[in-house]
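Please read these numbers as outputs of a predicted model, since none were measured by experiment. For the numbers below, each heavy atom of this structure counts, side chains included, while hydrogens, waters and symmetry mates do not. Just so it is clear: chains get the letters A, B, ... in the order the sequence lines come, proteins before strands, and each one is counted from 1.
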Amino acid sequence: MPRENFDREISAVSNDLLILGGMVDKAIESSMIALKNMDNQLAKDIIFQDDFIDRKQIDIEERCNNLIATQQPMASDLRTLISIIHIGVELERMGDYAEGIAKIAIQMGKEGPLKPLIDIPAMADISRDMLSKSLDSLVNRDLIAARNVLKQDDEVDQLYQRVFQELLGMMNADADVIKRATYLLWVAHDLERVADRATNVSERVIYLITGKLEN
Amino acid sequence: MNESILNVKNLNVWYRDFQALKDVNIDILSNKVTALIGPSGCGKSTMLRCINRMNDLIPDAKVHGEINFNGENINSNQLDPIDIRSKIGMVFQKPNPFPKSIFDNVAFGLRINGFKGSIEDEVEKSLKKAALWEDVKDRLKDGALELSGGQQQRLCIARTLAVNPQVMLMDEPASALDPIATLAIEELIRDLCSEVSIVIVTHNMQQAARISHRTAFFMVDQDRCGYMVEEGETNQIFTDPQDERTESYITGRFS
Ligand SMILES: Nc1ncnc2c1ncn2[C@@H]1O[C@H](COP(=O)(O)OP(=O)(O)O)[C@@H](O)[C@H]1O
Ligand SMILES: [Mg+2]
């Protein structure tokens, strides 16, 4: 029965997508630690690990492409494979943002962050929560949970606005801090993008469940 | 825009006591390709034969319901089945050219319909529409049976087109052909729908997905009686069918 092999491969590749999600989550978590503790070694490790994230994403995409080419998936099978491809790309990009933050941590050097990190770790926490909930909603085919993730994005946007205004104020007051403030602005921006990508994941889950693309 | 050329209402078909189709309701849209899909025995061919009164030729068949075409019910005894078949042509699974020349195959329908104009011009026009002209223009007097399978099928399509039908019914027209010839027929079907509304039966779902605008899915009940489960835009049927039975069938998880 060829469909059994097909089902097995779809679930194997779905499983790998979750593993990819776990790798990305870990990278974001580590990037926050590297930033806070000025841990250069950890930051380098994140950059090194990003290659594995990239390779995993390519592997997932190739396997989906092969299934589409050889199995002619239809209906929910087709939507599943297309969604897996898209979500894989979103996750890989989130990994790039974590890598970006790790690079900033290295550039900051021994000076460390300009100010105590409060809103930025909060942004990271919400983004990681969005990521994990969007992947849960994928596993459980849970439309309500997927839609709830979209709402969380507003919280991250608000935090980003606050961080942005605060850093802008500091730069206006003292031109000497511009460089260090800009580092933190980049970090905040990267996290804001992570949350956007998590939103995209949820939108793909919604498509998978309903067959409709929402935004 | 989406004008219908055929309106099928409560179509029921029996072969003696056996009911082969039950309560089929469907609008076939003008200048679109409509694919009928479903497991074998679900009544797809039966349905096609109803549309051009071919079931008249099966003594045991009984057809109830309406098939409205140009404001008239095809099932009505008032209408001449021969006339219906010139307006609603049929192409079969196995190419069935007459054992005559290529030219005569296409000219045949024109002659019996008492066509008055230039038969040569009409034959050329039909062969062009069927994408066969370039292959055969230098050997129109050759026997049709010397053509390849794919060419024979295109000849049968040209023969059907020659009498200017409004609807063309095709029952698995590519299933006896190799992949290249199949592709040629598929392209042709998509091109032809600007002139003629097409209803095609195919057991190849990918083919239905490739060539049709609309798809109707048929199934059988526990008494092996066929019925239509759902009908809609082909894109929708193959990405997001509304009925679970359609989903199971097209994903290959049909129990
Ligand atoms: N001439 C006939 N006499 C009796 N039964 C028939 C005849 N033609 C078809 N049937 C029966 O009607 C049902 C539908 O057949 P058909 O329309 O050929 O299905 P499909 O084209 O979907 O495979 C089948 O059960 C078939 O056995
Ligand atoms: Mg049949």
Between side-chain atoms of residues 84-94 of chain A and protein atoms elsewhere (two or more places apart, or another chain), which donor-acceptor pairs fall under 3.5 Å?
{"from": "A:Glu90", "atom 1": "OE1", "to": "A:Arg197", "atom 2": "NH1", "distance (Å)": "3.1"}
{"from": "A:Glu90", "atom 1": "OE1", "to": "A:Asn200", "atom 2": "ND2", "distance (Å)": "3.3"}
{"from": "A:Glu90", "atom 1": "OE2", "to": "A:Asn200", "atom 2": "ND2", "distance (Å)": "3.2"}

Rounded distance [0.5 Å steps], CD1 in A:Ile209 versus CG in B:Asp240: 12.0 Å

A:Arg162, CZ: over 12 other non-hydrogen atoms inside 6.0 angstrom: no

Over all atoms of both residues, closest heavy-atom pair of B:Thr239 and A:Leu78: CG2-CD2, 4.0 Å

Heavy atoms from other residues, nucleotides or ligands near CG of A:Leu213 exceed 12 (cutoff 6.0 Å): yes

Minimum heavy-atom distance B:Ile250-A:Ala75, with the two atoms named: CD1-CB, 3.8 Å

Within 6.0 Å of NZ in A:Lys115, more than 12 heavy atoms from elsewhere: yes

Pairwise distance CE(A:Met74) to CZ(B:Arg253) - rounded to 0.5 angstrom: 12.5 Å

